[in-house]
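Both backbone and side-chain heavy atoms feed into the values below; hydrogens, waters and symmetry mates do not. Counting starts at 1 for both ligands and their atoms, following the listed order.
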Amino acid sequence: MHRETELSDGSALTVSLENITVGYGDYIVLSGVTLFLRGPGLVQVLGPNGAGKTTLLRTILGFIKPLKGHVLVNGIDVTGRPSQVGRYAGYVPQLEPSARHYPITAWELIETECKIRCRGGKQQRRIEEILSRVGLPREIWHRPIGRLSGGQRQRVFIARALVHDPPLLVMDEPFSAVDPVGKAGLAELIGELSNTKLVIVTSHDPMLLLKYTRTVVLINRGVVAVGPPEEVLRREILDKVYGGAVLVVGEHPHIFDEHGHGQRRW
Ligand code: ADP
């Protein structure tokens, strides 16, 4: 299957997946996935539970080596090489509940990352810049991460991924541990970051990022559809992967998936 989409002209970064097959042992999760993404812009990867969304992200990042096929970043073969991809990419994994118990502060987390990844001697200034950029107020920089709200905590981990100012940002379920008020602000931040970076996000709430989204990649063990949201988020396409879990009310498809968060709508 060959799927291709371009996000914008003249931009800095491309990610190509060439006919990849990914499995855990002999359990095949993704089969024959071909994609071409160009940044900057926001890509939402959607699909039901177990569709392979996290597996796709981790394959792009080189953490998983596909059984077949190649991953290219800016034309360079980085298949299964996380240190190569890491030059271009920042990764924000899904927040574990244990993040609520982090005793270290936002400042300390970013400082530790900066010691590894920041160039030059102006680390203090760089840490201030990054924490400000993700919208964290100065008065909470030295508070333990475990005492921040879900939205603030997610911003800290976005800040960590931005330390080396990568052109690619990969985020797994960034809204999963965030309250409704925090979600709106976080969506704005992710939308803003996608003005200058290729941002690839998995989500169970596509509506939250809809107005910033250039491309939706709908997967279910392979690529089902790729394109702008108005082309992909249509009843007949969603039915292919969500089946009876899609209900259209007015113009809005609603998804009832098995993820345990109730109704999804946009
Ligand atoms: P999604 O993010 O769409 O929910 P995942 O990529 O997490 O899906 O998982 C896809 C499938 O692969 C699921 O059936 C899951 O149980 C399985 N899987 C994920 N990680 C592993 C692993 N480390 N070992 C074995 N199976 C896994």
Legend entry - Closest contact, heavy atoms only, Pro166 versus Ala89: CB-C, 3.7 Å
Inset, instruction - Quick one: closest heavy-atom pair of His142 and Thr105, and the distance? - result: O-CG2, 3.2 Å
Checking a contact table here: which protein heavy atom is nearest [atom], and how many Å away?
atom	answer
atom 4 (O) of ligand 1	Gly50 N, 2.8 Å
atom 16 (O) of ligand 1	Tyr27 CE2, 4.8 Å
atom 5 (P) of ligand 1	Thr55 OG1, 3.7 Å
atom 19 (C) of ligand 1	Tyr24 CE1, 3.4 Å
atom 8 (O) of ligand 1	Gly52 N, 3.3 Å

Legend entry - Part of Arg221 with heavy atoms under 4.0 Å of ligand 1, whether side chain, backbone, both or neither: side chain
Inset, instruction - Quick one: look at Thr54 and ligand 1, take heavy-atom pairs under 4.0 Å, and tell me if it's side chain, backbone, both or neither. - result: both
Looking at [Y] and [X], is there a salt bridge between them, counting it only when a charged N and a carboxylate O are closer than 4.0 Å?
X	Y	result
Glu129	Arg126	yes
Asp165	Lys197	yes
Asp239	Arg235	yes

Inset, instruction - Quick one: sort the Tyr91 and Phe63 rings into parallel, tilted or perpendicular, breaks at 30° and 60°. - result: tilted
Inset, instruction - Look at ligand 1 and say whether Pro48 reaches it with a heavy atom at a distance under 4.0 Å. - result: yes
Legend entry - Cluster check Tyr24, Val33: I/L/V/M/F/W/Y, side chain < 4.5 angstrom: yes
Legend entry - Polar contact flag for Ala51 and ligand 1 (N/O pairs, less than 3.5 Å): yes
Inset, instruction - Evaluate the 4.0 Å heavy atom contact test for atom 10 (C) of ligand 1: does a protein atom fall under the cut-off? - result: yes
Inset, instruction - Establish whether atom 14 (O) of ligand 1 and some protein heavy atom are separated by less than 4.0 angstrom. - result: yes
Legend entry - Flag if over 12 foreign heavy atoms under 6.0 Å of CD, Glu188: no
Inset, instruction - To the nearest 0.5 angstrom, please state how far the CG atom of Leu169 sits from the CG atom of Leu198. - result: 9.0 Å
Which atoms of ligand 1 sit under 4.0 Å from any heavy atom of [X]?
X	value
Lys53	1 (P), 2 (O), 3 (O), 4 (O), 6 (O), 8 (O)
Asn49	4 (O)
Val29	10 (C), 11 (C), 12 (O)

